[in-house]
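Following: one structure in structure tokens, then a few remarks.
Values below: every heavy atom of this structure, side chains too, minus hydrogens, waters and symmetry copies. Labels below follow one simple rule: chain letters A, B, ... track the order of the sequence lines, proteins then strands, and each chain is numbered from 1.
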2 protein chains.
Amino acid sequence: MGQSPRMNDADSARATRAEVLASTLAKDIIEGVLVPGTRLDEHGLAERYGVSRTPVREALRQLATSGLIDMRPRRGAVVASVTKERLSELFVAMGEIEATCARLSALSMNPMERKRLQALHDKMGKLVSQSSEDAYADANRTFHLAIYEGAHNPVLLDFAIRLRRRLDPFRRAQFRAPGRLERSHNEHELVVSAIIAGSCNDAHAAMLDHVHSVEDAFDQVKLDRFVESF
Amino acid sequence: MGQSPRMNDADSARATRAEVLASTLAKDIIEGVLVPGTRLDEHGLAERYGVSRTPVREALRQLATSGLIDMRPRRGAVVASVTKERLSELFVAMGEIEATCARLSALSMNPMERKRLQALHDKMGKLVSQSSEDAYADANRTFHLAIYEGAHNPVLLDFAIRLRRRLDPFRRAQFRAPGRLERSHNEHELVVSAIIAGSCNDAHAAMLDHVHSVEDAFDQVKLDRFVESF
DNA sequence: TCCATCGATATTGTATGCATTATCTAGTTA
DNA sequence: TAACTAGATAATGCATACAATATCGATGGA
């Protein structure tokens, strides 16, 4: 939502307040400004963003449908928290979708897309040797997005992006785990070479491994404060 | 530990008007009462369902997020139509998700689930010989749902169900295609035996074939009136 | 002390009215 | 006739007010 390509033109598609709010809140949740568990009071949000409760409520309903917040009738909304089990389920689903995209990318990326993917991967190699964690994290997002797009299916692309958004609030510190950068890059290497070679089964398997490895790395840094514990 | 006697248990989770409306509209869209392209006028819906426009707008926004309707700022909402190309993309995505669920089912269904799947499949065999198209369609939904659930992942389950919902308005007449029932059942046979045997790769492949075959069957009956044409 | 009950308060749910924008129609002009 | 403009009409966007419900704290009894 935040990177909608044609949002700024005074064209006939100007966004409504509810849409702007939904984007803003989503961004704040993903970036950690609003941490999981935060109560989203309608009156408070309305005041904070200078609008009435009506567009706030519409935005909240939109976010609830996409899973970024939890809403219960007459009980209000909170930024979605997850149990460890549910987080694991999200990672499994993410792994399956990413693996599917990798498989399809191996089958249907055009030469330019393959070239770009390789270039991106090479660039990330340099970031590893520089231990540039933040830059690597940014490039990593681009890398995975390239594979979602390489599948050439807008429905899967949309789902992959949504799933990634739901996981983002929980995985910010992932690349801080010791040695994680190198391992990530090595796993990417397998994915990239399989995609370039058109080996769809290898691409699937390599990506599945990679995402599970991400989950493990995540477990290590333990962002318990964001995860419901009982 | 006991609950307070004044607590109205299930009643405390009573749905709001917006939620009821969203469900009702979704049902009407899926069942074809509201055909793709139908304009969803807020005032009209409010009057028809005896509520004000506020909950109507919230329900519409919810449906828009799930893809069942198309909304454009200040232009109102319509029941989602799709181009042929987009429909094909939906089928591809559905195929990939279903294939994934089939693969996971082969890996993680418990003996009882496998037994139930086999029983369902056998029952559908009888419906084929009776040419009971409607009963087969119902059982078919149950069959596919069983495989989504067999994957033991709520996130994938949710996505599969949503995707199926989005396709439902366009595939009602599918089993009317000549010989479709037999072919469907034969394809299911391959899926079921692979799942029962725990052959995850075969299950994946068989399900992928099946869904593509469904798409072809759909093409034959051509519900052009629901599909944007240009 | 613990629990239940009852208000007081805050928050959500819904209706309504007005403002803004899109759409439609009639009239005008080339 | 076709195209364009302007006003009328209708629809959506938003704010506000009120109603319904949940939450919290005080009170009183066991």
How close or far is atom [atom2] of [N] from atom [atom1] of [X], stated in whole angstroms?
X       : N      : atom1 : atom2 : answer
B:His43 : C:dT21 : NE2   : C1'   : 18 Å
B:Asp41 : D:dG13 : CG    : P     : 12 Å
A:Leu21 : D:dA15 : CG    : P     : 10 Å
B:Asp70 : D:dT12 : CG    : P     : 15 Å
A:Met71 : C:dG13 : CE    : C1'   : 10 Å
A:Glu42 : D:dT21 : CD    : P     : 16 Å
A:Glu47 : C:dT12 : CD    : P     : 13 Å
B:Leu45 : C:dA15 : CG    : P     : 14 Å

Is any side-chain nitrogen or oxygen of [X] closer than 4.0 Å to OP1 or OP2 of [N]?
X       : N      : answer
A:Arg17 : D:dG13 : no
A:Arg75 : D:dT21 : no
B:Arg72 : C:dT21 : no

- Query: In residues 52-60 of chain B, what residues come within less than 4.0 Å of DNA chain C, judged by heavy atoms?
  - Reply: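 Listed by number, they are B:Ser52, B:Arg53, B:Thr54, B:Pro55.
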- Apply side-chain contact (heavy atoms from CB on, under 4.5 Å) to B:Glu47 and list each qualifying residue two or more places apart in sequence or on a separate chain.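 Only B:His43 meet the side-chain contact (heavy atoms from CB on, under 4.5 Å) criterion with B:Glu47.
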- Item | Partner set under side-chain contact (heavy atoms from CB on, under 4.5 Å) for B:Thr24, not counting sequence neighbours |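 Residues passing side-chain contact (heavy atoms from CB on, under 4.5 Å) with B:Thr24: B:Val20, B:Asp28, B:Tyr49.
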- Query: Is it true that B:Glu133 and B:Arg180 have a side-chain N and a carboxylate O under 4.0 angstrom from each other?
  - Reply: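 Salt bridge between B:Glu133 and B:Arg180, a charged N being under 4.0 Å from a carboxylate O: no.
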- Would you call B:Arg86-B:Glu89 a salt bridge at under 4.0 Å N-O?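 Result for this pair is yes, salt bridge flagged.
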- Task: Please determine, for the side chain of B:Ala18, which listed nucleotide (C:dA22, C:dT14, C:dG13) has the closest atom?
- Result: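 My answer, after comparing the listed nucleotides, is C:dT14.
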- Message: Are the side chains of A:Glu215 and A:Ser88 in contact, using a 4.5 Å heavy-atom criterion?
- Response: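 Counting from C-beta outward, A:Ser88 and A:Glu215 do come under 4.5 Å.
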- Heavy-atom distance under 4.5 Å between the side chains of A:Thr38 and A:Val35, does that happen here?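 Yes - at least one pair of side-chain heavy atoms lies under 4.5 Å apart.
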